[in-house]
Number of protein chains: 2
Amino acid sequence: MARNVEFDEAAAIQKAMEVFWKKGYNATSLRDLTDAMKINSSSLYNTIGDKQELFVRCVQHYTDIRKEDWDKRLSSERSPLAILKDYIHEAVNIIINCEDSCMAVKSAFEVATNDERVKKILAADDQRSYQFLHNLIKKAMDKGEIRDDEDPALLADYFNSIWTGWYESFILHGDPIKIKRMAEYFIKQLTK
Amino acid sequence: MARNVEFDEAAAIQKAMEVFWKKGYNATSLRDLTDAMKINSSSLYNTIGDKQELFVRCVQHYTDIRKEDWDKRLSSERSPLAILKDYIHEAVNIIINCEDSCMAVKSAFEVATNDERVKKILAADDQRSYQFLHNLIKKAMDKGEIRDDEDPALLADYFNSIWTGWYESFILHGDPIKIKRMAEYFIKQLTK
DNA sequence: TCATTTCTGAAACAATTGTTTCAGAATATT
DNA sequence: AATATTCTGAAACAATTGTTTCAGAAATGA
């Protein structure tokens, strides 16, 4: 009986995400967003909602595409340890190549401390990568590729939290060699 | 020939720092600041400067008191390895007890990406703790307390960047046990 | 084709933003 | 005590904030 929404919501979310990613939640204005999304604020409020709601959707989108991206990167038939090593090298590449750091990390420190919904999304994303690592580590242990005298759950937590500091280091010093050397050391620790 | 400044600038900076620490740079308004500092905005602009300048001063203050705090905590006559272990345990205690995470880390991700002065202050602070660790690690190696088949500079970098991820983990999961277990694993790695 | 519903664009909204103004109070020197 | 200088408080500033309004354009189903 009536009109349909004209703009492509998925594309608009993608654009909004890019702005939030670069500038952070609080430094991004509604004008910044509607400019990038190429929609009017009335359309935004009619379909998605207010700024907070939009941000939640963007964080969710970020973790969604990150999941897909990792699935693609690591969909090999190689051994568990080889995949773990790939994971580390891919992570290093992302850290030293992306201009705006990691949106999940930035949002954890800027928004998750105050916004329960954002915290939940980021915690779920963290849990997902944790599970991925946990499985791989267990398999690698079963195959005897890495020593099995440590709790795989502990190793997965440790593994999973190592990147954030490397992001910070790269922001402060911009030194890719530093990151690469830490990664090599980390791999060495894991295997010996 | 004239009046002196009435308010206690050091105390005002301290108060402003607390607000910035809790809320972040962009979410803090000038009213938030002048309320906490208990001064008028005209006094603020006459003495310290604008919001950015005030923030720079607060970040500097944060790293200053952090330096003093660590000097106090670690001014023991114990062995290098014992001091390294103390360092880890103190860091864990700070991480799992502070409500508003670490201002340096938060500012690195929210502000240092865009503000060169803030980046410089945080990089210098990072460099300071790096040097502290580097010296200790070298001493511990000389004394044979930890194995010396790794570059102490690399170990210091690795050591220095490990905390940030633990802060993030604590924000997302609020689980002190997780942090403590990672710390114990880290110590074990270091010594064996 | 028409009626009905929904979406869009531009403008406006009040509130808040960071910053400035300035008259008068306050004080250090003479 | 007089004077000169500086600081403070309250108010105002324009600009921007997030959000809402609403008339009219658009498109659906009858």
Side-chain angles (χ1 to χ4, degrees), chain A residues 1-61 107 110-111 113-118, chain B residues 1-61 107 110-111 113-118:
Chain A
M1 283 227 193
R3 237 175 131 173
N4 293 332
V5 178
E6 202 174 69
F7 71 96
D8 180 348
E9 191 168 310
I13 294 281
Q14 169 73 28
K15 284 292 175 192
M17 183 200 72
E18 288 167 14
V19 182
F20 275 135
W21 184 352
K22 187 189 190 81
K23 311 188 72 169
Y25 178 77
N26 287 290
T28 302
S29 76
L30 247 288
R31 264 75 171 178
D32 291 335
L33 293 165
T34 51
D35 284 355
M37 300 165 87
K38 279 168 191 156
I39 62 170
N40 192 274
S41 57
S42 72
S43 299
L44 173 59
Y45 278 79
N46 271 340
T47 52
I48 295 165
D50 63 11
K51 191 188 175 188
Q52 285 212 53
E53 186 66 42
L54 175 59
F55 186 73
V56 168
R57 297 277 295 273
C58 288
V59 172
Q60 182 69 62
H61 178 58
S107 303
E110 193 195 350
V111 187
T113 36
N114 303 308
D115 186 315
E116 208 57 41
R117 296 161 73 198
V118 171
Chain B
M1 286 221 196
R3 236 173 130 175
N4 292 332
V5 178
E6 203 173 70
F7 71 95
D8 180 348
E9 192 169 310
I13 294 281
Q14 169 72 28
K15 283 293 176 190
M17 183 199 73
E18 289 166 14
V19 181
F20 275 136
W21 184 350
K22 187 189 190 81
K23 310 186 75 167
Y25 177 77
N26 288 290
T28 301
S29 76
L30 248 289
R31 265 74 172 178
D32 291 336
L33 293 165
T34 49
D35 284 356
M37 299 165 86
K38 280 169 189 151
I39 62 169
N40 192 274
S41 59
S42 73
S43 298
L44 173 60
Y45 277 80
N46 271 341
T47 53
I48 295 165
D50 63 11
K51 190 188 175 187
Q52 285 211 55
E53 187 66 42
L54 176 59
F55 186 73
V56 168
R57 296 277 296 272
C58 288
V59 173
Q60 184 68 64
H61 179 58
S107 303
E110 193 196 349
V111 187
T113 38
N114 303 309
D115 186 317
E116 209 56 41
R117 296 162 73 199
V118 171

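Below, chains carry the letters A, B, ... as their sequence lines are ordered, and counting in each starts from 1. These figures come from a predicted structure and were not determined experimentally.
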Original post:
In whole Å, what is the span from the CD atom of B:E9 to the C1' atom of D:dC7?
Top reply: 13 Å

Original post:
Between the side-chain atoms of B:N4 and the base atoms of C:dA28, is any donor-acceptor pair under 3.5 Å?
Top reply: no

Original post:
About how many Å separate NZ of B:K23 and CG of A:N26, when rounded to the nearest 0.5 Å?
Top reply: 9.5 Å

Subject >> A:M37 CE to D:dG18 P, straight-line distance once rounded to whole Å >> reply: 13 Å

**OP:** First locate atom NE2 of A:H61, then atom CZ of A:R57, and finally report the distance between them rounded to the nearest 0.5 Å.
**Re:** 10.5 Å

**OP:** Can you figure out which of C:dT19, D:dT8, D:dT17 approaches the side chain of B:N46 most closely?
**Re:** D:dT8

**OP:** Calculate, to the nearest 0.5 Å, the distance between atoms CZ and NZ belonging to B:F7 and B:K15 respectively.
**Re:** 15.0 Å

**OP:** Classify the nucleic acid contact of B:S42 as base, sugar-phosphate or nothing, counting any heavy atom under 4.0 Å across all strands shown.
**Re:** base

Original post:
With a 4.0 Å cut-off on heavy atoms, is B:T28 in touch with a base, just the backbone sugar-phosphate, or nothing at all?
Top reply: sugar-phosphate

Original post:
Roughly how many Å is it from CZ in B:R31 to C1' in C:dA15, rounded to a whole number?
Top reply: 11 Å

**OP:** Round to a whole Å and report the spacing from CG of B:L30 to P of D:dA12.
**Re:** 19 Å

Subject >> Options D:dT17, C:dT17, C:dG9, nucleotide nearest the side-chain atoms of B:S29 >> reply: C:dT17

**OP:** Just compare C:dG18, C:dT8, D:dT19 and give me whichever is closest to any side-chain atom of A:D50.
**Re:** D:dT19

**OP:** To the nearest 0.5 Å, tell me how far A:I48 CD1 sits from A:I39 CD1.
**Re:** 5.5 Å

Original post:
Once you round to the nearest 0.5 Å, how far does CD of A:Q60 lie from CE of A:M17?
Top reply: 12.5 Å

**OP:** Find the distance A:L44:CG to C:dC7:C1' and express it as a whole number of Å.
**Re:** 14 Å

Original post:
For the pair made of CG in B:D35 and P in C:dG18, what is the distance, rounded to whole Å?
Top reply: 12 Å

Subject >> Nucleotide D:dC7, atom P - distance to CZ of B:F7 in whole Å >> reply: 10 Å

Original post:
To the nearest Å, how far apart are A:N40 CG and D:dT19 C1'?
Top reply: 12 Å

Subject >> 5′-ward residue of the pair A:S41/B:Y45 relative to DNA chain C >> reply: A:S41

